[in-house]
**Q** 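Quick one: this structure, given as structure tokens, is what I'll be asking you about.
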2 protein chains.
Amino acid sequence: MTRAVDGGPRKRGRPTESEREQRREEILDAAVRLFLRHGYGGVSLDRLATEAKVTKRTIYGYVGDKTEVFTAAVARLNREVLPEAEPVDRQARTPGANALEALAVRLVITLHSDVAIGLHRMVVAEAHQFPDLATGFYAAGPQRYIDALSDLVPCPEELFTLLLGEPHRRRLLGLDAPPSRARAEAHVNGVLQLLDL
Amino acid sequence: MTRAVDGGPRKRGRPTESEREQRREEILDAAVRLFLRHGYGGVSLDRLATEAKVTKRTIYGYVGDKTEVFTAAVARLNREVLPEAEPVDRQARTPGANALEALAVRLVITLHSDVAIGLHRMVVAEAHQFPDLATGFYAAGPQRYIDALSDLVPCPEELFTLLLGEPHRRRLLGLDAPPSRARAEAHVNGVLQLLDL
DNA sequence: ACAGAATGACACGATCTAGTATCATTATCC
DNA sequence: GGATAATGATACTAGATCGTGTCATTCTGT
């Protein structure tokens, strides 16, 4: 008999092999949730252990100390946000005037999402303590989007900057909600017109 | 006989009236230095007390608890960074094609400085815990610069966004050093050309 | 079946931190 | 001069947190 998905305390003792495979994922799921909500300093290992329904010793066994958990959580968030950019290449090859617009709208919606904004904010906040994370974040994030745009326009960096723009700055400061698709499309059209694209 | 400016332990007992006037400034000077370097969570009151050559009780007497010290430090930083925008109005009235360029260069250099970047990073990092600081920061900072530009160009928000651009994002992540004046001027000229200004 | 590995529950030590209290010392007020 | 206020030095309380230790429990490998 298998235990209910969220049924009280986890059973004791050594886990089965299939449980072991899920274990690390569950820990990182909880870490991502908590770090996004409360930031690095606002999450204790006890709280993370409770959230992951695991003990601290198990966290050390599967991931490591707090800094390693944070690094792994950021890495997972990077992989979670960036696959949205994968269809870029496919879209880029699609001819027609709307290819650029479609890509831009995807980019705006993705990078203004709660997850992407939370990641961006965390990396900025901890750039002092985790400089390697900042380097990796920029290379895997903004730089990659800029490279994708470089196949389509002559000024990819400036286009990327404008696609984020002040709304993105305000999102980082927690001043606005994520834009609706309609707002994102309007923003994209405004930017493309401004740059004569 | 007056004590040397930075000569060992401060003398005990009730301070003179002139000392009282300086006291709060010295505390906030130290707070600004430490918060910029180590962030809100990275500064303890003991450390702040040592840096300000004062005891914790005196900090409570002059400023308040840690959150009030942080709020006061951010307010002081806002006042410290923004006076650079005061000459905006005077420059704006100066006719000639170089008025906009001169203002833009000032803006780029100021907002990429270590102090401005440190403030921006701190406000982003603590936007969850101090949402009022984020609101005040955007209104007194970016919004104010955008308003100043609105007298000179038809697309002030977009111009502001481009004047910061990816170099500013990279500065927030600790990836670049502050731009030289030459780099700032080159960046401004590139942006103004792109927008046909 | 049995030894060993991995876990949850619980506890513990060491460290750090916010905020307060005590006491001697120095300035201000009357 | 004497009372009062404000300070530095120091210690303290109370709580949080990181990282380990102990022990019973459960799975894996042989």
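Every chain is numbered from 1, with letters handed out A, B, ... down the list of sequences. All values derive from a computational prediction rather than experimental measurement.
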**Q** Would you mind reading off the distance between A:Asp46 atom CG and D:dG15 atom P, rounded to a whole angstrom?
**A**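 Going from A:Asp46 (CG) to D:dG15 (P), I get 16 Å.
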**Q** I want to confirm an ordering. Mapping A:Gly42 and A:Thr16 to their closest nucleotides on DNA chain D, which one lands closer to the 5' end?
**A**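 In this pair, the answer is A:Gly42.
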**Q** Across the strands shown, which category fits A:Val43 at heavy-atom distances under 4.0 angstrom: base, sugar-phosphate, nothing?
**A**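 Since only primed, P, OP1 and OP2 atoms lie under 4.0 Å of A:Val43, the category is sugar-phosphate.
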**Q** Categorize B:Arg57 for me: base, sugar-phosphate, or nothing, with a 4.0 angstrom heavy-atom threshold over every strand shown.
**A**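 Since a base atom lies under 4.0 Å of B:Arg57, the category is base.
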**Q** Check the pair B:Glu26, B:Glu19 against side chain to side chain contact (heavy atoms under 4.5 Å, CB included), reporting the backbone distance first and the verdict last.
**A** CA-CA 10 Å; B:Glu26 294 174 7; B:Glu19 284 173 332; over 6 Å; no
**Q** Can you tell me the distance, in whole Å, between the CD1 atom of A:Ile59 and the C1' atom of D:dT20?
**A**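 About 14 Å, once rounded to whole Å.
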**Q** Using whole Å, report how far CG of A:Leu45 lies from P of C:dA11.
**A** 19 Å
**Q** Send over the distance from B:Glu19 CD to D:dT7 P, rounded to a whole Å.
**A**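 Between P of D:dT7 and CD of B:Glu19: 10 Å.
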**Q** Nearest to the side chain of B:Thr55, which nucleotide is it out of C:dT7, D:dG19, D:dG8?
**A**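 Nearest to the side-chain atoms of B:Thr55, counting from C-beta on, is D:dG8.
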**Q** Using a heavy-atom cut-off of 4.0 Å across all strands, would you classify B:Arg47 as base, sugar-phosphate, or nothing?
**A**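 B:Arg47: no heavy atom of the nucleic acid under 4.0 Å.
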**Q** Nearest heavy atom decides the nucleotide; on that basis, is B:Tyr60 or A:Val54 closer to the 5' end of DNA chain C?
**A** A:Val54
**Q** What's the CD-C1' distance between B:Glu17 and C:dT26, to the nearest Å?
**A**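 Going from CD in B:Glu17 over to C1' in C:dT26 covers 14 Å.
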**Q** Measuring to OP1 and OP2 of D:dT7, would you say a side-chain N or O of B:Arg20 lies under 4.0 angstrom away?
**A** yes
**Q** Is there a side chain to side chain donor-acceptor pair (under 3.5 Å) between B:Thr67 and B:Asp65 once you walk through the steps?
**A** CA-CA 6 Å; B:Thr67 65; B:Asp65 65 14; 2.8 Å; yes
**Q** I'd like to know if the side chain of B:Arg121 reaches the main chain of B:Arg171, judged simply by a donor and an acceptor atom lying under 3.5 Å from each other, with no hydrogens or angles considered.
**A**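 The answer is yes, because a donor-acceptor pair under 3.5 Å joins these two groups.
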**Q** Of all the nucleotides listed (D:dC18, C:dT7, C:dA18), which has the minimum atom distance to the side chain of A:Thr58?
**A** C:dT7
**Q** What nucleotide, of C:dA18, D:dA5, D:dC18, holds the atom closest to the side chain of B:Arg14?
**A** D:dA5
**Q** Would you say a side-chain N or O of A:Tyr62 is under 4.0 Å from OP1 or OP2 of C:dA6?
**A** no
**Q** Report the relative orientation of the aromatic rings in B:Phe35 and B:Phe70; use parallel for angles under 30°, tilted for 30 to 60°, perpendicular for over 60°.
**A**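 Rings of B:Phe35 and B:Phe70: perpendicular, over 60°.
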**Q** How close or far is atom P of D:dA6 from atom CD of B:Glu21, stated in whole angstroms?
**A**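 Answer to the nearest Å: 15 Å.
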**Q** Report the distance from atom NZ of B:Lys66 to atom P of D:dG15, rounded to the nearest whole Å.
**A** 19 Å
**Q** Do the side chain of A:Thr71 and the main chain of A:Glu68 share a donor and acceptor less than 3.5 angstrom apart?
**A**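 No, the answer is negative, given that no donor and acceptor are paired below the 3.5 Å cut-off.
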**Q** Starting at CG of B:Asp65 and ending at P of C:dT17, how long is that distance when rounded to a whole Å?
**A** 17 Å
**Q** Select base, sugar-phosphate, or nothing to describe what A:Lys56 touches, counting heavy atoms under 4.0 Å on all strands.
**A** base
